[in-house]
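Before any comments, here is the structure.
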There are 2 protein chains.
Amino acid sequence: MGKDQKKLPLYIQIKNKLVSNIKEGIWKPGDTLPSESQLMEQYNVSRTTIRQAIRDLVQNGILETSRGAPTKVKEIPEDGLGNPGVIHHEIGTDMAVILLRMEKSQTHYHAKYQLSLPETADIFYMERLRMADGKPIAIQQSYLPLAIGDVIEQVADKKFDFFSTLGNHGIYHTNIKEHVSADNATQYEADILGVSAGEALITIERTTLGIDSKPIEYSTTKYTTKAFKYTIEID
Amino acid sequence: MGKDQKKLPLYIQIKNKLVSNIKEGIWKPGDTLPSESQLMEQYNVSRTTIRQAIRDLVQNGILETSRGAPTKVKEIPEDGLGNPGVIHHEIGTDMAVILLRMEKSQTHYHAKYQLSLPETADIFYMERLRMADGKPIAIQQSYLPLAIGDVIEQVADKKFDFFSTLGNHGIYHTNIKEHVSADNATQYEADILGVSAGEALITIERTTLGIDSKPIEYSTTKYTTKAFKYTIEID
DNA sequence: GTGAATTTGTTCGTATGTATG
DNA sequence: ACATACATACGAACAAATTCA
């Protein structure tokens with residue numbers, strides 16, 4: 001790790017140490033952190049400093065505090081993105097996913113650009129059909145760096161949403177950028193999704209950054225409008 | 001104002017007082033606040049308390065601080081929503097708006113519900129065509145409480161985005177909820193927007209809350225996909 | 001279920017660092 | 001260069017919620 005830490009404010013240094021502990025899996029989602037007094041001793045700083053670091057991380061959605069109870073590493077909600085403010089809601093009760101294609105590829109240059117990977121790099125590619133109650137609701141194409149792909153390869157056909165899996169491996173996301181657009185379904189898409197050709201679909205193009213600000217996922221998902229709600233709430 | 005303030009934490013009370021000053025126009029966007037020491041004297045609290053109140057409001061996007069310089073009321077960016085994270089980008093250089101309809105109405109019960117208004121209340125209704133470089137890009141229907149409507153009535157056919165106007169009248173928004181969906185254009189919409197019937201449109205349904213958590217705007221906007229980008233970024 | 005210990009939340013005071021004007 | 005303003009950091013005390021013997 002960079003030793004430029006020396007010039008950074010103390011509370012930032014503490015913040016980095018806490019995040020490291022989470023990234024290295026020493027503290028997992030749901031785990032409780034040492035109390036503020038213990039952290040004061042451990043890092044030899046005042047309570048003010050500890051609290052400021054923790055406050056920032058709570059604000060970042062990494063930690064969770066409540067009066068009287070120990071501070072916890074925030075759980076990644078199952079089948080949720082865990083990104084405060086944006087709510088994807090796929091409508092249905094029995095959610096499943098069908099793996100259409102999965103490969104390590106050298107093409108997909110467009111995706112490599114989004115993932116800040118060199119053109120020579122291999123990339124993990126995945127096409128999946130998202131289902132609700134036995135009916136298709138979306139086609140999703142995901143592109144991942146190989147290191148990340150290895151982690152979710154085993155759950156690609158099981159986990160509806162794989163961010164929780166990543167979290168369990170200490171891979172967190174701090175920044176998500178989504179671009180929303182609308183398209184008319186092609187005949188191919190219409191056939192797969194069971195709608196009429198030309199029907200309006202919602203397309204979501206997503207780039208997810210990890211804690212170190214490097215991309216960990218790029219995906220394009222086309223949803224049928226009937227089974228999908230997209231809501232943004234900002235405070 | 002409610003006198004339940006007595007039981008609230010001091011810094012919350014301070015926060016409310018600061019917000020009041022802004023809402024009442026005593027401090028306008030761009031104005032500088034009194035220094036922290038002055039506020040300490042004025043409200044007879046410690047610097048910690050003042051700073052905690054200010055920190056919250058900075059986080060809320062109401063205030064703006066920088067080292068060495070006085071704290072300011074944040075400006076509302078012209079033609080921007082000012083809501084960190086969500087970026088609407090209407091593509092074009094010469095933006096204009098055409099007022100199609102404007103009235104005080106007693107119907108539109110659906111909108112009254114969204115605005116938390118009683119069914120007996122009058123409502124301000126407005127339908128506008130948003131243009132870029134002389135070509136239509138969206139149809140927008142806005143519903144506002146009468147008090148708000150009066151403020152923007154004079155600029156309805158001039159201001160492309162009226163949030164800055166509201167800000168100048170001390171009306172701020174702190175919470176925005178948007179629902180994004182896709183529709184196929186009806187013949188009527190297609191004619192107005194100059195596209196083919198059935199073409200995919202992006203529909204954005206928006207509810208905006210003021211500082212006091214009461215709705216100040218509800219709108220539905222249908223965009224052509226060619227001239228509109230919707231991006232969300234969350235940290 | 002009670003009560004004591006623990007833990008986070010709020011608030012004061014003070015001192016020093018650093019950027020602005 | 002200087003005064004002013006916000007940023008960081010220390011220490012201390014009490015309040016309020018939770019946890020656990």
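Owing to the predicted nature of the structure, the values given are computational and were not obtained by experimental measurement. Order of the sequence lines sets the chain letters (A, B, ...), proteins ahead of strands, with each chain counted from 1.
- Spacing between atom CD1 of Ile14(B) and atom P of dT11(C) amounts to 9 Å, rounded to whole angstrom units.
- Put simply, the side chain of Lys112(A) never gets that close to the backbone of Ile123(A): no donor and acceptor are under 3.5 Å apart.
- As rounded to whole Å, 16 Å separates atom P of dT16(C) from atom CZ of Arg67(B).
- The only member of Ile22(B), Thr71(B), Val19(B), Ile14(B) that meets side-chain contact (heavy atoms from CB on, under 4.5 Å) when paired with Leu57(B) is Val19(B).
- Using the Watson-Crick or G-U wobble rule with both distances under 3.5 Å, dA17(D) pairs with dT6(C).
- The OH atom of Tyr11(B) sits 7 Å away from the P atom of dT11(C) (whole-angstrom rounding).
- The residue Ser66(B) sits close only to the backbone: its heavy atoms come under 4.0 Å of sugar-phosphate atoms, none of a base.
- Close to dA9(D), at under 4.0 Å from its OP1 or OP2, lies no side-chain N or O of Gln52(A).
- As a whole-Å value, the separation of Ile54(A) CD1 from dG9(C) P is 8 Å.
- Arg51(A) has a side-chain polar atom (N or O) that falls below the 4.0 Å cut-off from OP1 or OP2 of dG9(C).
- Both Arg47(A) and Pro70(B) sit near DNA chain D, but only Pro70(B) has its closest nucleotide nearer the 5' end.
- In terms of position along DNA chain C, the nucleotide closest to Leu33(A) lies nearer the 5' end than the nucleotide closest to the other residue of the pair Leu33(A) and Ala69(B).
- Considering only side-chain N and O atoms, Thr71(A) lies under 4.0 angstrom from the phosphate OP1 or OP2 of dT8(C).
- Here the side chain of Glu36(A) is nearest to one of dG9(C), dC10(D), dC6(D), namely dG9(C).
- Rounding to whole angstrom units, CD1 of residue Ile50(A) and C1' of dA12(D) are separated by 17 Å.
- Residues Tyr143(B) and His110(B) keep their aromatic ring centres 6.0 Å or farther apart.
- OP1 and OP2 of dA5(D) both lie 4.0 Å or more from every side-chain N or O belonging to Thr65(B).
- Here the side chain of Glu119(B) pairs no donor or acceptor atom with the backbone of Tyr109(B) at under 3.5 angstrom.
- Taking atom NZ of residue Lys72(B) and atom C1' of nucleotide dA5(D), one finds them 14 Å apart after rounding to whole Å.
- For Thr48(A), no side-chain nitrogen or oxygen approaches OP1 or OP2 of dT8(D) to under 4.0 Å.
- Per the geometry, CE belonging to Met40(B) stands 9 Å off C1' belonging to dC12(C), to the nearest Å.
- Side-chain contact between Gln140(A) and Arg206(A) is present, with at least one heavy-atom pair separated by less than 4.5 Å.
- Between the CG atom of Leu63(B) and the P atom of dA7(D) there is a distance of 11 Å, given to the nearest Å.
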